[in-house]
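Structure incoming, see below.
Start at 1 and go down the list; that is how both ligands and their atoms are numbered.
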Amino acid sequence: MSRADIPTFTLNDGNHLPVIGFGTYQLNGREGIDSMMAAISRGYRLLDSAFNYENEGAVGQAVRQSEVPRDQLFVASKLPGRHHKYDQAVVTIEESLYRTGLDYLDLYLIHWPNPKQGLFVEAWQALIDAQKRGLVKSIGVSNFLPEHIDTLIKETGVAPAVNQVELSPYFAQDKQRAFDAKHNIVTEAWSPLGRASALLEDQHLQEIAARYDKSIVQIILRWHFQLGVLAIPKSSNPERQKQNLELFDFALSDDEMAAIKRLDRPDGRINDQDPAEYEEF
Ligand code: A2P
């Protein structure tokens, strides 16, 4: 499969990202590299990592060992909450890059806003400067609420290119998606499959899946795509990795999109991690 098989989103900074990527949480060491290389050979072009996943080295190794040219691959990582202070953020971004052994990263996000700590504007300034220095091509945020993004724009004049949030049919994030769209920010979905919870046995999704001879997972990922959301499903299994990319040969109807929307629920988060309260370091 070539890059051309996966459509791309154009970001507000003019760069592009594939409409679906590969989550690498808990893929570490040699086994992690093997999973990521399998994913690349199945057609994935975007690898989503984080400083806190402790696998930036494995991600870099997979990219360097792959036969796919560097400029057709996209590597994302994230700044942890304990390094939001400007000077520490600058060093941490540099460290992320050195750990991958690559010349640049494609996307760098602030992992959590940690509003009680109140340093995310400093962190954002460090990302802006890292982008100017060419260490990272695009910059964005993760788990940011509208009020946090408003603050970034007001304080720095720079809007994120991407906001990566928890988003699945049980937690559809209508308001956040509308806010992101208004600011030309691509919404990215972490745990798009609800981390393989009850969602993957949902009866309504099963009915739709049967209609298309697809799996529930493919229905969920197609739903993300039709919403304009960049999902990053994780799978350590090459067969499931492949299956999770087979989304572009069918389309959900408006009625089916509406039926999936009705599954949305206020308590639909996996671990109740509300970014207004929850902090990660
Ligand atoms: P595995 O790695 O064994 O394939 P999320 O991306 O929402 O965090 O979910 C990741 C979980 O979903 C992992 O446990 C992964 O298991 C599982 N998963 C990924 N793809 C599929 C699939 N096509 N069918 C069933 N489970 C899947």
May I ask you to test the Lys78-Tyr108 pair for a side-chain heavy-atom distance under 4.5 Å?
-> no
Closest non-hydrogen atom pair between Tyr278 and Asn114, with its separation | O-OD1, 4.5 Å
Atom indices of ligand 1 within 4.0 angstrom of Val217 heavy atoms, with elements = 22 (C), 23 (N), 24 (N)
For the residue pair Pro169 and Pro192, what are the closest heavy atoms and their distance?
-> CD-O, 4.1 Å
What is the closest protein heavy atom to atom 2 (O) of ligand 1, and at what distance does it sit?
->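 Result: Ser236 N, 2.8 Å.
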Protein residue, atom and distance nearest to atom 9 (O) of ligand 1, heavy-atom basis = Arg195 CA, 3.4 Å
Among non-hydrogen protein atoms, atom 17 (C) of ligand 1 lies closest to Ala196 CB, 3.9 Å
Close approach of Gly23 to ligand 1, heavy atoms, under 4.0 angstrom | no
Quick one: does Pro192 get within less than 4.0 Å of ligand 1, heavy atoms only?
->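 In this structure, Pro192 qualifies as a contact of ligand 1 - some heavy atom is under 4.0 Å.
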State plainly whether the residues Lys261 and Asp264 are in salt-bridge range, i.e. N to O under 4.0 Å.
-> no
Sole candidate of Leu17, Val165, Asp48 that passes side chain to side chain contact (heavy atoms under 4.5 Å, CB included) when paired with Glu188 = Asp48
Give the residue, atom name and distance (to 0.1 Å) of the protein heavy atom nearest atom 25 (C) of ligand 1.
->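 The closest one turns out to be Arg240 CD, 3.6 Å.
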What atoms of ligand 1 come within less than 4.0 Å of a heavy atom belonging to Ser191?
-> 5 (P), 7 (O), 8 (O)
Taking only residues two or more places apart in sequence, or in another chain, which ones meet Gln131 in a side-chain contact (heavy atoms from CB on, under 4.5 Å)?
-> Asp13, Val136, Ile139
Identify the two heavy atoms, one from Asn237 and one from Glu239, that lie closest to each other, and give their separation to 0.1 Å.
-> OD1-N, 2.8 Å
Apply side chain to side chain donor-acceptor pair (under 3.5 Å) to Tyr212 and list each qualifying residue two or more places apart in sequence or on a separate chain.
->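 For Tyr212, the residues satisfying side chain to side chain donor-acceptor pair (under 3.5 Å) (neighbours in sequence not counted) are Glu256.
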Distance from atom 13 (C) of ligand 1 to nearest protein heavy atom, with residue and atom |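 So the nearest neighbour among protein heavy atoms is Lys234 O, 3.9 Å.
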Counting from 1, what ligand 1 atoms have a heavy atom of Pro233 closer than 4.0 Å?
->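 Going through ligand 1 atom by atom, the ones under 4.0 Å from Pro233 are 6 (O).
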Short list, please: which atoms of ligand 1 are under 4.0 Å from a heavy atom of Gln243?
-> 23 (N)
Considering only heavy atoms of Asn244, which atoms of ligand 1 have at least one such atom less than 4.0 Å away?
-> 19 (C), 20 (N), 21 (C), 22 (C), 23 (N)
